[in-house]
*Asks:* 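Supplied in structure tokens, the structure appears directly below.
All chains are named by letter (A, B, ...) in the order of the sequence lines, taking the proteins before the strands, and each is independently numbered beginning at 1. Bear in mind that the values here come from a model prediction, so they are computed numbers and not experimental data.
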2 protein chains.
Amino acid sequence: MSIDQARSARSLGTGPRLGSRASREAILLAARTRFAKDGFSGSTIRGIAGDAGVDASLVMQYFGSKNELFAAVIASGPNTMSQIAEAFDGPEDCLGERVTRAFLEVWDGDPVESEPLQALLRAAIGSEQATTQLKELIQERVLVDLGPRLQHDADMKTRIEIASSMLVGVVVGRRLVGLDALVRQDRDSLVGYIAPAIQAILSAESSDVSSVTSSAAPSRSTAAHGSIPVI
Amino acid sequence: MSIDQARSARSLGTGPRLGSRASREAILLAARTRFAKDGFSGSTIRGIAGDAGVDASLVMQYFGSKNELFAAVIASGPNTMSQIAEAFDGPEDCLGERVTRAFLEVWDGDPVESEPLQALLRAAIGSEQATTQLKELIQERVLVDLGPRLQHDADMKTRIEIASSMLVGVVVGRRLVGLDALVRQDRDSLVGYIAPAIQAILSAESSDVSSVTSSAAPSRSTAAHGSIPVI
DNA sequence: CAAACTTCTCAACAATCGTTGAGAAGTATG
DNA sequence: CATACTTCTCAACGATTGTTGAGAAGTTTG
């Protein structure tokens, strides 16, 4: 039977190689840019298809749905997270600078890397529903890379999450919101401002602020002499 | 003429005071919550009206359009920004703690204050178009309060924008994304982690990181002895 | 050429959106 | 009661959305 023939010799290739995967790539590129710029609900399949020079139904045929297209865009980014995660390794006295620089470099770099992150961030902050939907994706792509580095103590995990949130905030202000003073600064001077603070988060001791709050203050007693504003 | 009568004695009150302004308040409350939770494009007028127990057209009658309703929600928040801005005044050696605490208090506090900020943040990050639309509103509500405090030098303006972005990042991770380690911490221990870093941003000297980058390093030389991890 | 196959477009569906106009329902004034 | 006014609902509009099914256009195999 012809069906069995086609099934046994799967995709033996009688058809054309017209646009083939070129259209698929064009769709993915257009989707990446539009999701990064307009967010998820702000982007339309018709608009993406138009940018790719393709009919909207072809997008559905390749990716199934808008959600799956978005997932494909997020998955299309290369190893940006491991690039950031690697910065957590190495000597501790310049940890703040390395991590800060890694963050800024990824977001200033190739759109292939930064645009999926923009899209993920816009979507994740856009609504509570999207947040919970994307939370496992965030934890997967962030904490899987960062995980082995913070297995030691829960305190270090907290520090890393705080430092990462701070750097995300800076990047949001600089690249998404476009705050004047942040956009004006070049990368190196920004690192000069930020790295000491990140260093303080990642290496200093959690000092108790108010009166009681007995819980905190774990173990490390070496704090705040040379390690904080060092870089 | 009756028209002139009604115009001269404006709203002399022949009509009913049924729901009167109660429905308006209900709409505003429902809109505030939904915009904070679902973002701008994720919220629908029909949904807001449903929460308020009211028809959708009444929303239009009171607020004109979805955009104006959103603007009313944003304007409904009290003086939250000035509350944060006031934290920038006072002795410099505990600046980081005051500012950090003010940020976290506003976001942990009354929904009347925090939800309009959530809505503004979600909308502003949601898409590039919304960002540019809301940027002047952000600058208006943030920098008008903060402005007088940073008139002195451009360097301080940069520092304040960086510190604010960082704190927004922390708040986003804690209240919007819901990162585990950040949600678990209570406010005081969070301040213990964060305040030294904010203090470093707001008071330390911008140290040159790499080799060249001649520009930076302005004037202040007092840095990093007791003021940074003090709280 | 004919048949099989892939690539892509056209037209339309059903749902939902913001928005509008007309008119009930009810209360004050004459 | 009759009139004027406010408050609110009903029904519908036009536009846009994601999504679908059928069928052109073109390429390879027999």
*Asks:* Can you name the side-chain hydrogen bond (donor to acceptor under 3.5 Å, both in side chains) partners of B/R34, sequence neighbours left out?
*Replies:*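 Once residues adjacent in sequence are excluded, the partners of B/R34 under the side-chain hydrogen bond (donor to acceptor under 3.5 Å, both in side chains) criterion are B/D51.
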*Asks:* How about A/F40 and A/R122: do any of their side-chain heavy atoms sit closer than 4.5 Å?
*Replies:*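 Contact flag for A/F40/A/R122 side chains = no.
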*Asks:* Between B/S189 and B/D186, is there a side-chain donor-acceptor contact under 3.5 Å, judged purely by atom types and distance?
*Replies:*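 Indeed, the side chains of B/D186 and B/S189 share at least one donor-acceptor pair under 3.5 Å.
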*Asks:* Of all the base pairs, Watson-Crick or G-U under 3.5 Å, which form stems of three or more consecutive pairs involving DNA chain C?
*Replies:*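 If one scans DNA chain C for consecutive Watson-Crick or G-U pairs, the stems found are C:1-16 with D:15-30, C:18-27 with D:4-13.
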*Asks:* What parts of residues 33-44 of chain B reach DNA chain C, counting only heavy atoms under 4.0 Å away?
*Replies:*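 The answer is B/S43, B/T44.
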*Asks:* CZ of A/F63 versus C1' of D/dT20: gap in Å, rounded?
*Replies:*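 To the nearest whole Å, that distance equals 18 Å.
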*Asks:* Taking the side chain as C-beta and beyond, is there a heavy-atom pair between A/R101 and A/D188 under 4.5 Å?
*Replies:*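 SC-SC contact between A/R101 and A/D188 confirmed.
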*Asks:* Does B/F70 form a side-chain contact (heavy atoms from CB on, under 4.5 Å) with B/L134? I'd like the steps, not just the answer.
*Replies:* CA-CA 11 Å; B/F70 183 81; B/L134 292 174; 4.0 Å; yes
*Asks:* Listed by chain and number, what are the salt bridge (charged side-chain N to carboxylate O under 4.0 Å, His left out) partners of B/R174, not counting sequence neighbours?
*Replies:*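 Checked B/R174 against salt bridge (charged side-chain N to carboxylate O under 4.0 Å, His left out); matches are B/D108.
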*Asks:* Give the rounded distance in Å between these two atoms: CD1 of B/I27 and C1' of D/dT9.
*Replies:*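 So the CD1-C1' distance, B/I27 to D/dT9, works out to 12 Å.
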*Asks:* With the threshold set at 4.0 Å, does a side-chain nitrogen-carboxylate oxygen contact exist between B/R98 and B/D89?
*Replies:*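 B/D89 and B/R98: not salt-bridged.
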*Asks:* Identify all pairs in which a protein N or O lies below 3.5 Å from an N or O of nucleotides 19-22 of chain C, and state each distance.
*Replies:*
unit_1, atom_1, unit_2, atom_2, d
C/dT19, OP2, B/K66, N, 2.8

*Asks:* Using side-chain hydrogen bond (donor to acceptor under 3.5 Å, both in side chains) as the criterion, list what pairs up with A/S65, not counting sequence neighbours.
*Replies:*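 By the side-chain hydrogen bond (donor to acceptor under 3.5 Å, both in side chains) rule, A/S65 matches A/E68.
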*Asks:* Begin with the C-alpha distance, continue with both residues' side-chain angles, and end with the deciding distance and a verdict on side-chain contact (heavy atoms from CB on, under 4.5 Å) for A/Y193 and A/V170.
*Replies:* CA-CA 11 Å; A/Y193 281 110; A/V170 171; over 6 Å; no
*Asks:* Applying the side chain to side chain contact (heavy atoms under 4.5 Å, CB included) test to A/L167, which of A/I84, A/I162, A/T100, A/V172 qualifies?
*Replies:*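 The residue from A/I84, A/I162, A/T100, A/V172 that satisfies side chain to side chain contact (heavy atoms under 4.5 Å, CB included) with A/L167 turns out to be A/T100.
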*Asks:* To the nearest angstrom, how far is B/R21 atom CZ from D/dT7 atom P?
*Replies:*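 Computing the B/R21:CZ to D/dT7:P distance gives 7 Å.
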*Asks:* Is any side-chain heavy atom of B/I27 less than 4.5 Å from a side-chain heavy atom of B/V54?
*Replies:*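 Yes, close enough: below the 4.5 Å cut-off.
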*Asks:* Tell me: CG of A/L58 to C1' of C/dA11, nearest whole Å?
*Replies:*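 In whole Å, C/dA11 C1' lies 16 Å from A/L58 CG.
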*Asks:* Whole Å only: how far is the OH atom of B/Y62 from the C1' atom of D/dT9?
*Replies:*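 Taking OH of B/Y62 and C1' of D/dT9, I get 13 Å after rounding.
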